Each structure stands twice: as structure tokens, then as C-alpha cells.
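Have a look at the structure below, then the notes.
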2 protein chains.
Amino acid sequence: MDLIQELGLEVYPQFTEGKKVHHMGGANAKIRTYTSSIPSFSPLVLLDFMHFLWRMESLCKSVCVENPMKTPDALQLDSMTLQSYMDKRIWTTQLMEELELCTRSVFGMEPSQLSFLYFLMYSAAAGGVMKLLETTPGSAQEFRVKGGTQQLSERVAEQLGKENVRLGSAVTAIWQSEESVEVKTATSTITCKAIIVTCPPHMAGECYKAQIEYRPALPLERRSLARCMPVGHMTKFIITYPTAFWKQKGFSGEIVARPSVHCPFGVTFDATSPSGSPALVGFIAGVQACYWNSREMEDRRDAVVSSLVKYLGPEAASYVHYEEKDWSKEEYNGGCPVNVMVPGMLTFYQPGLCKPCGRIYWAGTETATRWCGYLSGAVQSGQRAALEVLADVSPAVLSQSELQEVRAGLTMAPSELSRVWDRTGGSASSSRLLVGLTFMAVTVGGAVFWLKPGLGKNWLSGVLAVIQR
Amino acid sequence: MDLIQELGLEVYPQFTEGKKVHHMGGANAKIRTYTSSIPSFSPLVLLDFMHFLWRMESLCKSVCVENPMKTPDALQLDSMTLQSYMDKRIWTTQLMEELELCTRSVFGMEPSQLSFLYFLMYSAAAGGVMKLLETTPGSAQEFRVKGGTQQLSERVAEQLGKENVRLGSAVTAIWQSEESVEVKTATSTITCKAIIVTCPPHMAGECYKAQIEYRPALPLERRSLARCMPVGHMTKFIITYPTAFWKQKGFSGEIVARPSVHCPFGVTFDATSPSGSPALVGFIAGVQACYWNSREMEDRRDAVVSSLVKYLGPEAASYVHYEEKDWSKEEYNGGCPVNVMVPGMLTFYQPGLCKPCGRIYWAGTETATRWCGYLSGAVQSGQRAALEVLADVSPAVLSQSELQEVRAGLTMAPSELSRVWDRTGGSASSSRLLVGLTFMAVTVGGAVFWLKPGLGKNWLSGVLAVIQR
């Protein structure tokens with residue numbers, strides 16, 4: 001918000017007035033509408049939701065966003081998927097369906113693809129799980145930027161002087177020596193004191209077409225992140241209409257729909273511009289993006305339109321223009337909206353995300369601790385990386401508190417990998433619970449073998465052979 | 001084995017006679033020795049092991065290796081990590097430690113990093129979990145090839161005519177058209193009717209230094225596999241001695257040791273050559289590879305030697321030569337021993353692993369259905385891909401049964417992604433179990449609100465606010 005103000009941009013709230021369409025709850029679900037902030041669940045689903053949300057928000061509060069491995073039970077939380085946690089804690093299939101849709105809309109991925117600790121860290125960085133989903137003040141969907149968010153980059157570029165910003169010059173290599181770092185493109189080499197790499201981890205690695213060759217090679221933990229942090233799948237579409245017929249009919253334009261072979265999107269919102277040009281925006285995400293990705297654009301468009309007709313009425317068929325963007329097809333992007341972590345990644349590689357490698361510093365929203373994954377996080381990470389560089393190349397321009405802040409971040413403890421193996425050496429609570437029971441079984445088993453010596457000395461091999469047969 | 005015989009190579013059994021060293025069971029464990037096929041566990045651990053193994057082997061038998069998504073409960077098994085399953089089913093911390101070590105030794109990864117369904121599929125492709133670990137006939141560690149396994153490639157190359165095999169020519173691009181496919185290296189272009197790509201998925205993608213540019217672009221599911229199938233971390237070392245002192249002392253050379261900051265390896269074996277040159281081979285894998293990777297070679301070597309002294313005696317200090325190979329540092333390899341799948345990958349991308357893309361066919365051990373991940377699997381996958389190409393470019397040379405086999409493989413149903421969303425629409429068994437309980441809670445809750453109307457209509461927002469506070 002500071003940067004938006006500084007650059008003289010304006011925001012306007014996401015339009016949410018009117019009926020919201022809600023079509024969830026299994027294949028035979030009815031289409032319902034509601035106007036409150038959460039859908040009109042049945043009491044059972046509502047109780048399940050409250051209980052689950054209470055657990056999640058408590059867990060979020062226990063997360064150390066700056067160093068997720070300091071979270072209580074970090075190893076266990078990072079060794080399971082979000083889906084595993086949901087399977088354990090959610091009672092009703094409708095809530096399961098709702099939360100799958102939420103995950104898909106927020107990450108472009110399914111709950112089975114995310115580390116549970118990563119999900120908690122991401123939510124905690126936004127202030128809680130509901131903050132990711134809501135349009136209320138302080139939540140992720142609260143407002144839009146008049147004229148579009150790209151103006152942020154454009155206006156910063158103007159301040160820097162456009163002659164100092166080189167566009168269309170892909171970096172192919174970053175070589176560093178004791179004295180300096182060389183940044184190479186296909187046609188030029190620029191020698192720097194320090195460099196901040198801001199692209200998402202999977203693009204910043206020795207990976208993809210946008211590969212960057214590093215000399216010396218980056219450490220294993222950084223390479224593993226660059227190679228294996230998956231990026232979500234999301235196709236965004238904007239469909240424009242001659243009139244905002246949905247508003248005239250009392251709809252807000254928000255639709256939440258369960259996936260089916262007929263409906264490609266999970267959510268839509270009103271996207272009417274501040275000047276009043278009527279439009280809806282929607283997302284084809286996660287498993288739905290996988291499913292629809294291989295079809296022709298015309299098929300997706302027709303399915304989107306017929307779904308809108310179903311939910312908002314026949315007026316939806318008379319659209320002006322349908323435009324879509326499949327981010328997975330962008331050479332220098334490869335996915336949307338964000339890189340995520342799979343189980344074990346925080347445990348084994350997380351310190352590689354921000355830790356400078358010599359003269360190379362890392363920014364990008366994936367490295368943020370406030371609104372990680374969002375535009376806000378990108379700005380925060382840029383400021384953090386800029387301070388790190390300044391602390392190194394011209395510390396005199398920084399205040400004492402800024403210098404301290406940078407040093408605190410940089411001297412953060414490295415990953416304590418020995419915790420991984422010490423874990424199993426330590427806690428044995430569950431085993432002790434079962435000692436009694438097991439001891440009895442052993443005693444009985446032992447007695448049987450004692451009484452039947454015919455089973456002989458090789459009973460162990462015998463049992464093994466039976467098990468493996 | 002057929003190929004080994006055909007090429008006139010010989011095998012010899014892995015040496016296993018004598019005492020095996022076993023140092024597991026928490027930080028204060030004693031060093032023990034045993035001579036049977038499994039370590040001398042306490043009755044409790046043994047019972048836990050038998051119970052767990054029985055469950056695993058039953059699950060393995062239910063897996064459809066050709067199409068893992070046809071396995072009962074496939075979606076659920078692929079949405080959890082191996083660690084999640086172990087947390088649920090293992091009672092004793094020692095067994096947990098043992099199985100973590102096994103996973104590390106087999107995959108170069110930790111149980112928290114693997115999809116449980118992928119683990120089951122991989123085990124089933126070998127004939128069961130124990131087959132991966134044992135040295136008994138038909139198991140993975142049964143024998144070694146005299147003179148080394150690279151002779152397989154070398155002798156096949158001789159048969160093909162060495163002038164037909166181009167080494168040191170990295171493929172940079174594969175472009176296909178209606179008529180043909182062009183394979184490009186830095187200096188030449190070869191036009192083919194079909195091409196078999198055999199490198200591991202992460203090297204075959206538009207990824208890494210060994211990146212290949214595909215035109216047209218590969219489908220999303222194939223790109224996702226190429227980008228995100230992690231590869232294990234494994235450093236192999238061979239240490240040679242003037243005499244096989246361990247044999248003289250009654251040891252087999254097999255050591256199984258828990259990770260610590262002092263001991264880099266998890267397992268060692270005797271590696272004395274058929275001609276009698278004494279050596280031990282060992283592996284630094286998974287979390288231990290992450291931990292030791294950033295150290296200097298001398299540090300690792302000294303830690304290996306001092307650990308061997310601890311387990312086998314002071315003679316271990318007088319080695320002739322220490323040689324190690326960190327596969328993660330190989331430009332055209334990047335890891336060892338195999339690419340694995342994280343949760344969700346089988347569900348969303350698995351059909352991309354083998355499905356030909358026009359004139360491009362895929363081989364490599366990751367695509368095998370027998371001994372996936374092993375040399376055997378690599379051979380099987382090569383034969384399968386060769387048949388696929390022949391069926392396309394000169395079907396006349398194939399028998400009727402071979403043609404049928406190829407067609408059966410190629411017409412395998414594509415991924416039914418709609419199952420992912422239909423799942424939550426269907427089974428609601430657990431929810432029903434809890435309906436009674438929940439209903440009671442709702443009733444009580446409802447009564448409280450009824451009796452305290454002061455909570456008003458906005459109680460929902462109130463509760464939400466409290467939860468999020």
C-alpha cells in the first residue's frame with residue numbers, strides 16, 4: 001500500500017454486493033445462492049467448518065514464518081500433505097470439497113500436492129487461513145488497482161530511468177569471482193558488485209528455457225529448490241459483456257462451483273472496470289487446469305459460457321469477448337500463481353531460499369514473510385534484499401537499526417539437519433502407549449512357539465517367507 | 001540376466017558371510033553384531049516389524065504397477081507420504097529409524113519426500129518391499145557384475161558398431177514435424193523417423209544444463225514430470241585396503257549405522273573385486289547427503305574412516321585409497337539413484353511418463369514395470385520402447401503377439417482426472433460415523449443459542465471473529 005501511494009496509484013474495492021452462487025456438495029448438489037460472507041452450510045458442515053478452522057487458525061498462530069522449522073512439531077507437519085491433515089480432521093465430504101476448491105483457487109494446486117507446514121506458513125504469512133480467501137478489509141481479495149498492477153513495475157522503471165532498465169534481455173549466466181559478479185545475456189556482459197535475482201525459484205535455477213548458468217555452482221539446497229519447487233497451474237479468463245446483466249439480476253458475479261466435466265472454473269468474480277466496462281473474471285486451476293489444458297481454447301470457452309448461462313442466466317451467452325491466459329505456456333514463467341513446497345522441502349532445503357550465495361541475493365514473493373505469494377510479499381522481499389546488498393556494498397547509508405535487521409536475518413541458524421535423525425531417537429510416546437498391548441501379544445506368541453517346538457529355530461524365516469509370499 | 005548372458009558377462013554373489021554390524025536404536029544405542037538375515041531386534045521391535053511388513057506386503061500385492069491409479073484407494077495412497085503412513089502404523093521408534101535408513105539407502109531420499117503410492121508401486125515392481133533390501137536370490141542386492149556394469153553399455157555399443165554411437169554430443173533440441181523428427185546437437189542435426197529418449201525424466205525435460213528444447217512443446221503432464229520429479233541424493237565411496245582385515249576378523253563388511261554428526265554413511269558392504277582386491281563400498285544418502293554435501297572431501301573421508309575404525313577396528317585407519325562420487329555434482333546427471341514421485345504426481349501426471357509424444361518415445365528405468373529404478377528396469381523399458389517404435393515404423397517385423405502387447409500398452413486409458421473431484425462426491429463413510437456425535441453437539445449448541453438469544457443473528461460472524469483473533 002505504501003508503494004501504491006508513493007507511485008500515485010489508486011485502488012478500488014472488489015465488488016461483492018448481491019447474491020453469490022454456490023454449487024457444491026457432491027454430484028447431485030443443487031445450485032444455491034447466499035449473501036453473507038460464508039455460504040449457507042448445513043449445521044453439520046458448519047460445525048465441521050468451525051472446528052476445522054479453529055484448529056487451523058491455532059496451528060497458524062504457532063508457526064514461525066521467518067524460520068518455519070522452529071514451529072513446534074515442524075518435522076512432522078512438513079512430512080505430511082495438507083490432504084493427509086484434512087483426511088484426519090474433516091468429517092463431512094462437503095467441507096472436504098469446499099477446502100479442495102479453496103486450495104486450488106489459492107495455489108493452483110490440490111491439497112495432496114502441498115506440504116502441510118508450507119500451507120500453514122503461507123497462511124500465517126497472510127495473518128491466517130481466512131485472510132487468503134475473504135474480501136473483507138485486510139484480506140487477500142479486498143481490492144484491485146485502478147488501471148492494473150503492472151503500473152507498479154512501470155512507474156518504478158520510470159523513477160529509475162527507463163534507460164537503466166533493460167527489457168527483453170534474458171540473463172543466461174551469472175559468474176562470480178572474488179572481486180565482482182558478471183551477468184551475461186545473449187549479447188552483453190554487465191559487471192556488478194552484487195546482484196538480486198527476483199524471478200520465481202523454478203525460473204532462477206539451472207532450469208527451463210530461462211535457465212541461468214551459475215559459476216561457481218549454487219549449493220545443493222538452492223539447486224534442489226530451483227529444480228523441484230512446483231508451480232501451480234492456473235488459467236485466468238476475462239469475459240466481457242455489453243451490460244453487467246448479473247448486477248441487474250441481483251448477483252454479485254461471484255460463483256463458487258464444484259468441478260465437473262462440464263464446468264472448467266472453480267470461482268468467478270465481478271471484474272467490471274472502474275470506468276464501468278462490464279466483465280467477469282474466472283480461474284481454471286489445479287486438477288481442472290490439468291483436465292482442460294489439453295483441450296482447444298474454443299472448447300474451454302464454450303464450456304465456460306454454458307456454465308455461466310447455467311449459473312447466471314441466458315444473458316451470459318451474449319458475451320462481447322473471451323480472453324484467457326494459460327501461464328504454463330509462458331516461456332519465462334511456466335506457471336501461476338506461485339511456487340509451493342512439497343513435503344520435506346522446508347526440512348531439507350528451506351534455508352536455501354533466501355541465503356545469499358556470495359554476491360547473489362534472492363528476492364521474489366516466495367521469500368517473503370508477510371503475504372508470501374502475493375504482490376505485497378514481492379515488494380517486502382525486494383526491500384529486504386536491497387537492504388542486504390546495501391549492508392554489504394555501502395553500509396554507511398544504512399541506519400543502525402537497518403543494519404541490525406539485516407544482520408539478524410543473515411545470521412539465522414542454518415538448517416539443523418541432525419534434528420531429522422535425532423527426532424526418532426527422542427520421542428517414543430506412541431510406542432510406550434502400545435508397549436503393554438504388544439508385550440501381551442509377544443508373551444502369547446512366545447508361549448505358542450514354546451508349546452510347539454516343531455516350528456523350530458527357523459520360525460523367523462518361516463514367518464518372513466509367509467509374509468512375503 | 002538375459003542381456004548379461006547374451007553379452008557374455010559374468011556375475012558373482014554379494015559377499016555376506018560373517019558378522020554384520022548393526023548400530024541403531026537411538027543416540028545411546030550399543031553396537032551389535034548378527035549373522036542372520038535380519039538384525040536381532042527386541043521382541044517388541046520384531047513384532048512391530050512383522051506387523052508392519054505384513055501390511056506393506058499386502059498393500060504391495062494390491063498395486064497395479066502398469067497403471068498405479070487402478071490400485072484400490074489410489075487417490076488416498078498418492079495423497080500421503082510414506083512418512084505419514086509410517087507415523088500411523090509403526091509403534092516403536094527403533095523400527096522407524098530402521099525404515100528411514102532403508103528408504104534413504106534405496107531412494108537417496110527420506111520417507112517424508114515420497115508419495116506412499118509411489119513407494120508401493122516401486123516395491124511391487126521389485127516383487128515386494130523386502131526384495132529391495134535383501135541379498136537373497138531374486139533380491140536387489142543379490143549379485144554384482146564382474147568388471148562392472150558399464151560393460152553392458154560398452155558391449156551393446158560394440159554390437160551396434162561404435163561408429164554408430166555418438167558420445168560427447170549432448171542433444172540440445174528435438175523438433176518434430178508431420179514427416180520426421182530432427183535431433184540437434186551443438187554441431188549437427190540428425191533427421192529420424194522416431195527417437196527414444198532414455199535419460200531420467202529430470203534430464204529429459206526443458207531443464208538443467210542438459211536441457212532439451214522441444215518443438216512443439218511437450219504436453220503439461222510430461223513437462224510437470226520433467227520439472228518436478230525429484231532425484232535422490234547419494235554419494236558413493238569406495239575405500240581400498242591392503243588386506244580384507246574385516247573378513248579375517250569374522251565381519252562380512254556390512255555395516256548398518258544410524259546417522260550422527262560423526263558418521264556420514266548409513267550402510268557399507270564388502271566390495272572386494274573377483275580378483276581379490278580388498279575394498280568396502282558405502283553410501284552417504286538422503287538427509288546425510290544434504291548434511292555432508294557442503295563439507296570438504298577431506299572432512300567426509302576422515303569421518304568415514306573414523307567410523308569404520310569404530311565399527312571394524314583400528315585396521316580400518318590404514319586404507320590405501322578413498323574415492324567418492326557425488327552424483328549431484330554431475331552436469332548430465334544431477335542425482336542418484338533414481339527419480340521419485342512426490343504426493344499427487346501419480347494422480348496428476350503419471351500417464352505422461354511413458355506416453356509417446358508424436359515421434360518421441362520414452363524409455364529409462366523410471367518407466368519400467370519390473371524393477372523400476374534398477375538396471376533390469378532400464379533394459380525392460382528399452383525393449384518396450386523399441387517395440388513401440390517398430391510397431392510404428394515397420395510393423396511387419398513384429399509378431400502378432402508383440403503388436404498386440406504394444407497396442408495394449410499404448411491404448412491404456414488416459415488419466416481420469418475427473419475421479420479426483422468425484423471422489424469427494426462419493427464416499428462419506430467417516431462422515432457418517434460421526435454424524436451421531438456431531439448431531440448431538442449441534443443440538444446442544446443450538447439449545448445454548450436458543451436460550452441465549454442475546455447472541456443475536458450475527459453469532460456466526462461473532463464465532464468467526466473469535467476463531468480468527
Side-chain angles (χ1 to χ4, degrees), chain A residues 26-27 43-44 47 50 53-54 57 78-81 83-84 91-93 96-97 100 110 112-113 128 130 202 206-209 211 213 219-220 227-228 230 258-259 261 287 290-291 293-294 328 342-344 347-348 417-418 420-422 424-425 428 430-431 434-435 438 441-442 463 467-468, chain B residues 26-27 43-44 47 50 53-54 57 78-81 83-84 91-93 96-97 100 110 112-113 128 130 202 206-209 211 213 219-220 227-228 230 258-259 261 287 290-291 293-294 328 342-344 347-348 417-418 420-422 424-425 428 430-431 434-435 438 441-442 463 467-468:
Chain A
L44 192 66
L47 191 79
M50 292 296 177
L53 189 64
W54 171 75
E57 301 288 13
D78 191 41
S79 75
M80 68 200 290
T81 62
Q83 183 72 52
S84 290
W91 304 332
T92 61
T93 50
M96 190 68 95
E97 205 179 71
E100 282 168 1
E110 301 295 311
S112 63
Q113 299 179 282
M130 287 301 287
H202 76 288
E206 292 162 290
C207 198
Y208 252 67
K209 284 202 208 163
Q211 71 164 12
E213 189 213 358
L220 180 65
R227 230 192 60 65
C228 293
R258 72 183 301 276
V261 292
V287 62
C290 295
Y291 183 85
N293 178 281
S294 56
S328 77
V342 300
T347 308
F348 299 110
L417 287 172
S418 58
V420 175
W421 59 69
D422 286 342
T424 34
S430 66
S431 83
L434 283 149
V435 163
T438 320
V442 174
V463 173
I467 287 176
Q468 290 181 67
Chain B
L44 192 66
L47 191 79
M50 292 297 179
L53 189 63
W54 171 76
E57 300 288 11
D78 191 40
S79 74
M80 68 201 289
T81 63
Q83 183 72 52
S84 289
W91 305 332
T92 59
T93 49
M96 190 68 96
E97 203 180 71
E100 282 168 1
E110 301 296 309
S112 63
Q113 299 179 283
M130 287 302 286
H202 76 287
E206 292 160 291
C207 198
Y208 252 68
K209 284 201 209 166
Q211 72 163 9
E213 188 213 357
L220 180 65
R227 229 190 60 66
C228 292
R258 72 182 302 275
V261 291
V287 62
C290 295
Y291 183 85
N293 178 282
S294 56
S328 77
V342 300
T347 307
F348 300 110
L417 287 173
S418 57
V420 175
W421 58 70
D422 287 341
T424 33
S430 66
S431 83
L434 283 150
V435 163
T438 321
V442 174
V463 173
I467 286 175
Q468 289 180 70

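Sequence lines set the chain letters: A, B, ... in the order given, protein chains first and strands last, and positions in each chain run from 1. All figures in this text were calculated on a predicted structure; none of them were measured in a lab.
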At a heavy-atom distance under 4.5 Å, which candidate from B:Thr81, B:Leu220, B:Asn293 has the highest pair count against chain A?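 Winner by heavy-atom pair count: B:Leu220.
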Can you name the nearest heavy-atom pair linking A:Arg227 to B:Pro230, along with the distance?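 So the minimum-distance heavy-atom pair works out to NH2-CA, 3.5 Å.
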State, to 0.1 Å, how close A:Phe348 and B:Glu110 come at their nearest heavy-atom pair, and which atoms those are. CZ-CG, 3.2 Å
Side chain, backbone, both or neither: which part of A:Val261 has an atom under 4.5 Å from a heavy atom of chain B? both
Side chain from CB out, backbone as N, CA, C, O: work out which of these in A:Pro343 comes under 4.5 Å of a heavy atom of chain B, or both, or neither.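 For A:Pro343, heavy atoms of backbone and side chain both lie under 4.5 Å from chain B.
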Top of A:Gly128, A:Ser84, A:Gly344, A:Ser79 for chain B proximity - count of heavy-atom pairs under 4.5 angstrom: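 The answer is A:Ser79.
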